[in-house]
Amino acid sequence: TLNRPDRMNAINEQMAIELMDAMEVAEPDRSVMAVVLAGNERAFCAGADLGNMSDAPADKFDVYRSRYNMRKQRNLYRNLPTYTKPVVSAVEGYCLGGGLELALFGDIIVAGEGAQFGLPESRHGLIPGAGGTQNLPRLIGKSLAKEMMWTARRITATEAKEFRLVNHVVPKGQALTKAREIVDAIAKNGPLAVMMIKQA
């Protein structure tokens, strides 16, 4: 559970470390068939915590280098594509920026009716820097992805289902329940087959 409610579960370095640690513990545990990522009713994740990302113009080169190789947030997004177990995101509320990119690195997205999705980085003079420019077009097509990124528009859960961004839209507050139902169905099958299907 992403648990920084005062920051709408925005990802900072500590949260990235804790997520990686929890997933590292779950990965070799044979009793764990899948991982469910969830936030709270207000926000799955509002993206990266931009509050600590200011820097002087003269520092741009060093800041970019450190963000690229050393920041834990960056490492989180690098680790997710090679995770061997299914990752299901149970989205309620805001799923924006790095939060949507986090969900996109998973395998299945379940949305509560009040969920909102978007990559609003261009509004802040940024680009989606954690795979959004690649993963979103692969999922919904280039034209819709460009429109979402260029306009910084948020889409509803219903639109996200129409775009094939989410697998299921359920009544508000029921995303986690539906995610657990999906995991229960996965758990009835061979774990090696599940892993190999994901890797393939």
| request: Report the residues that fulfil side chain to side chain contact (heavy atoms under 4.5 Å, CB included) with Ala130, sequence neighbours left out, ordered by chain and then residue number. | output: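 For Ala130 the side chain to side chain contact (heavy atoms under 4.5 Å, CB included) partners, ignoring immediate neighbours, are Tyr77, Glu101.
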| Who are the side chain to side chain contact (heavy atoms under 4.5 Å, CB included) partners of Ile197, not counting sequence neighbours? |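 Once residues adjacent in sequence are excluded, Ile197 has no partner under the side chain to side chain contact (heavy atoms under 4.5 Å, CB included) criterion.
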| said: Does anything in residues 118-145 form a salt bridge (charged side-chain N to carboxylate O under 4.0 Å, His left out)? List the pairs, not counting sequence neighbours. | reply: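 Listed once each, the pairs would be none.
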| Got a sec, which pairs hit salt bridge (charged side-chain N to carboxylate O under 4.0 Å, His left out) with one end in residues 146-165, sequence neighbours left out? |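 For residues 146-165: Glu147-Arg153, Arg153-Glu159.
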Donor-acceptor contacts under 3.5 Å from residues 166-190 side chains, at least two apart:
| unit_1 | atom_1 | unit_2 | atom_2 | d |
| --- | --- | --- | --- | --- |
| Asn167 | OD1 | Ile109 | N | 3.3 |
| Asn189 | ND2 | Ala185 | O | 3.2 |

Which atom of [X] lies closest to which atom of [Y], heavy atoms considered:
{"X": "Pro120", "Y": "Gly97", "value": "CD-N, 3.5 Å"}
{"X": "Phe44", "Y": "Cys95", "value": "CD2-SG, 3.7 Å"}
{"X": "Met149", "Y": "Pro137", "value": "CE-CG, 4.4 Å"}
{"X": "Phe117", "Y": "Thr156", "value": "CD1-O, 4.3 Å"}
{"X": "Pro5", "Y": "Asn40", "value": "CB-ND2, 3.7 Å"}

| request: Can you sort out the partners of Gln134 under side-chain hydrogen bond (donor to acceptor under 3.5 Å, both in side chains), two or more places apart, ordered by chain and number? | output: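 For Gln134, no residue satisfies side-chain hydrogen bond (donor to acceptor under 3.5 Å, both in side chains) once neighbours in sequence are set aside.
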If hydrophobic clusters are built by linking Ile, Leu, Val, Met, Phe, Trp and Tyr wherever their side-chain heavy atoms come under 4.5 Å apart, do [X] and [Y] end up in the same one?
{"X": "Leu76", "Y": "Leu100", "answer": "yes"}
{"X": "Leu136", "Y": "Ile108", "answer": "no"}
{"X": "Leu102", "Y": "Met23", "answer": "yes"}
{"X": "Leu2", "Y": "Val88", "answer": "no"}
{"X": "Met15", "Y": "Val91", "answer": "yes"}

Which donor-acceptor pairs under 3.5 Å do the side chains of residues 27-37 make with protein atoms, sequence neighbours left out?
| unit_1 | atom_1 | unit_2 | atom_2 | d |
| --- | --- | --- | --- | --- |
| Glu27 | OE2 | Thr84 | N | 2.9 |
| Glu27 | OE2 | Thr84 | OG1 | 2.8 |
| Asp29 | OD1 | Ser31 | N | 2.9 |
| Asp29 | OD1 | Ser31 | OG | 2.6 |
| Asp29 | OD2 | Ser31 | OG | 3.4 |

| query | Does any pair with a residue in residues 86-98 pass side-chain hydrogen bond (donor to acceptor under 3.5 Å, both in side chains), and if so which ones, sequence neighbours excluded? | reply |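 The answer is none; no pair qualifies.
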| If only atom types and distance count, is the side chain of Asn9 paired as donor or acceptor with the main-chain N or O of Arg4 below 3.5 Å? |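 Confirmed, Asn9 side chain pairs with Arg4 backbone.
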| message | For the backbone of Val87 and the side chain of Asp107, can you confirm whether one donor and one acceptor N or O come within less than 3.5 Å of each other? | response |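 Yes, Asp107 side chain to Val87 backbone: donor-acceptor pair under 3.5 Å.
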Nearest 0.5 angstrom please: [X] [atom1] to [Y] [atom2], how far?
{"X": "Met20", "Y": "Asn79", "atom1": "CE", "atom2": "CG", "result": "6.0 Å"}
{"X": "Glu113", "Y": "Thr158", "atom1": "CD", "atom2": "OG1", "result": "7.0 Å"}
{"X": "Asn135", "Y": "Ile140", "atom1": "CG", "atom2": "CD1", "result": "11.5 Å"}

| Fellow cluster residues of Met196, listed by chain then number, with links counted only when side-chain atoms sit under 4.5 Å apart |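 Via sub-4.5 Å side-chain contacts, Met196 links to Leu192, Met195.
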| Pairwise side-chain contact, Pro81 with Phe105, heavy-atom cut-off 4.5 Å (strictly under) |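 The answer is yes; the side chains approach within 4.5 Å.
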